[in-house]
Amino acid sequence: MKREETIRLTGLAIGYTTRHSVKTVCTGITETIFSGELTCLIGENGAGKSTLLRTLSGFLPPVSGEIILLGKPLRSYGERELSTIIGVVLTEKTNLQNMTVEELVGMGRSPYTGFWGRLSGEDRRKVGESLEMVGITGLRGRMVQTLSDGERQKVMIAKALAQETPVIFLDEPTAFLDYPSKVEILRLLGRLSRDFGKTIFLSTHDLELALRVADRVWLMSKPGRLQTGSPENLVIDPETGRFNFER
Amino acid sequence: MKRPVAVGMILLGVAILVLFFLNLLLGSVSVPAGQVWKVLWGGEADNTIWQNIILKSRFPQALTALAAGAGLSVAGLQMQTVFRNPLAGPSVLGVSSGASLGVAFVVLLSGRLGGVALSRLGYMGEFAMTMAAIIGALAIMLLIVWIAQKVRGNVTLLIIGVMIGYVATAIIGVLKFFSAEEDVRAYVVWGLGSFARVSGGQVTTFVVIMALLLPLSFLLVKTLNLLLLGDGYARNLGLNVRRARISVITCAGVLVAIVTAYCGPISFLGLAVPHLCRGIFRTSDHRVLMPASLLAGAALALLCNLIARMPGFEGALPVNSVTALIGAPVVAVVLFKRRKEDTGE
């Protein structure tokens, strides 16, 4: 698959704006995210990984700087349009009851369905494909509340695939999972990016795993610093135990 | 629509028809079924008293119960989804407390200020009470919608709603304390809820308003389905969450306001019926739950009204007690059975 520029950040500062003040988490981010690649965002708790993801998804306005998504500024997209470009998998646990896996994945088709949200034959086919890509066709008829954490995560990934967005953001998709499931999910995401040319950007705490599957690593450290590089260049500082990129 | 869903809907529809007919048939005065049937199809009953009982009392009452049950249940479903809270119901945002406050002002203060006890004014008094309830409920609802624009969290909004309810109840308490005994009684009777209070001309108004409002709430099914996923996912799927939340609250609030104005605060139905429907149809899809709640709400309200009027009770039972007495065990059984099935699988 071709490697193309999907998202470009110029001088981006991220943070939260409250009524009285602006709390900036990280400044001066000038980076590019490419399609057909798996980019992993790693960093300590509180370094601003979620803030960055929320900003890139359009949930949070940037403090300053510019986010260019597929050649257009992110803020120029309407909600509807954006929902066909960015798909997300979030950490927020949905307390869904009495909904089948197929129905939940079908919700990913919402941007394309009509007023009542009825799925067309085409939509159903896409849902089937998404289930197959993630390898959970067997779970199709199961109720969501009966799934394990790993299975549920896969269902949410299938939902993002059904959404048919070129870009997928995942906030800690491997949290709460056992080791084999972590490996499985990250491998799956790597495969999706390479085989289907998706731009996949995820945050994670599982450093070693991330280094094994990622094409590119973004490292956020506490004093609001972001470094990027390929996983091979990441080295550990023996004194502080912190990671750094080789210059 | 899947087969079992269609079957369920048809059964609910049949239940409504049967219960509606029973509502016309049963009561303190016994009227032969044949006569009821005849009157229902526009014929003349052999006895003018029968004719009057059916057309002037039982028919409007059944119609009121039907519309009120449907409205409260749909509103309850919307509230539970928008707040993602199984305990949310039509009364949770203080909207019905607002209606009570409006009525309390009119009933309790009029005696004090105007020197006329409103309870003695008959039709005019009834109209004033309805208007006061609508104004009170809508005022609280506007306040809630305004707050909904300011606060982000659902739980915060829910708690603020409950607090507003407490404040309204406290004000009512103060008003009661300073009022004449007969006015307090009139207010308490209103508070017990009744499908019978609405008289002839008002029934038509009430039913027409509900018939206009209920289809409007169906326009929100896709929105409600998306809200189930949580704010983040809903937003990512192209939903303007803030606008969605406000339209759902407004829709549910207006439904509750109108029903409460005409029937008094009817508790329980709105909370219970959505759970009942989720239990029966085993789905979260509002394309099913919405019509199901509407039908089940109407059926349950008719059943409660029937029981409240059973021979022997002679209308002595307030509807509010019946809804809870009948509804609570039914819902508990349905939920309990489902729980057993879930763990048994």
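The analysis underlying the following values was restricted to heavy atoms, covering all of them including side chains, and did not include hydrogens, waters or symmetry mates. As the structure is a prediction and not an experimental result, all values here were calculated from the model. Proteins get letters first, then strands, A, B, ... in listed order; numbering begins at 1 in each.
- When each of A/M99, A/M156, A/R54, A/M107 is checked for heavy-atom pairs under 4.5 Å with chain B, A/M107 comes out on top.
- Between the side chains of A/T174 and A/D206, at least one donor N or O lies within less than 3.5 Å of an accepting N or O.
- Counting only N and O atoms by type, the side chains of A/D171 and A/S203 include a donor and acceptor under 3.5 Å apart.
- Proximity to chain B (any heavy atom under 4.5 Å) is shown, for A/T165, by neither the backbone nor the side chain.
- Side-chain atoms of A/T6 and A/T199 include a donor-acceptor pair closer than 3.5 Å.
- Chain A forms more heavy-atom pairs under 4.5 Å with one residue of B/D231, B/L219, B/L226 than with any other, namely B/L219.
- In this structure, a donor-acceptor pair under 3.5 Å is present between the side chains of B/Q80 and B/R278.
- Below 4.5 Å, heavy atoms of chain B meet heavy atoms from A/E79, A/R80, A/S83, A/I86, A/G87, all part of residues 60-87 of chain A.
- The ring-ring contact (aromatic ring centres under 6.0 Å, His included) contacts involving residues 124-174 of chain A comprise A/F169-A/F201, where partners must be two or more places apart or lie in separate chains.
- Between A/E184 and A/K154 there is a salt bridge, since a side-chain N of the basic residue sits under 4.0 Å from a carboxylate O of the acidic one.
- The neighbour count for B/R243 CZ, taken as heavy atoms of other residues, nucleotides or ligands under 6.0 Å away, does not exceed 12.
- No side-chain N or O of A/K23 forms a donor-acceptor pair with one of A/T17 less than 3.5 Å apart.
- If you measure heavy-atom distances from B/L220 to chain A, you find no contacts under 4.5 Å at all.
- Of the two parts of A/S57, neither the backbone nor the side chain holds a non-hydrogen atom closer than 4.5 Å to a non-hydrogen atom of chain B.
- Within the model, atoms CG of A/L202 and OG1 of A/T204 stand 6.5 Å from one another, a figure rounded to the nearest 0.5 Å.
- Looking only at heavy-atom pairs under 4.5 Å with chain A, the residue among B/N240, B/N225, B/V221 that has the most is B/N240.
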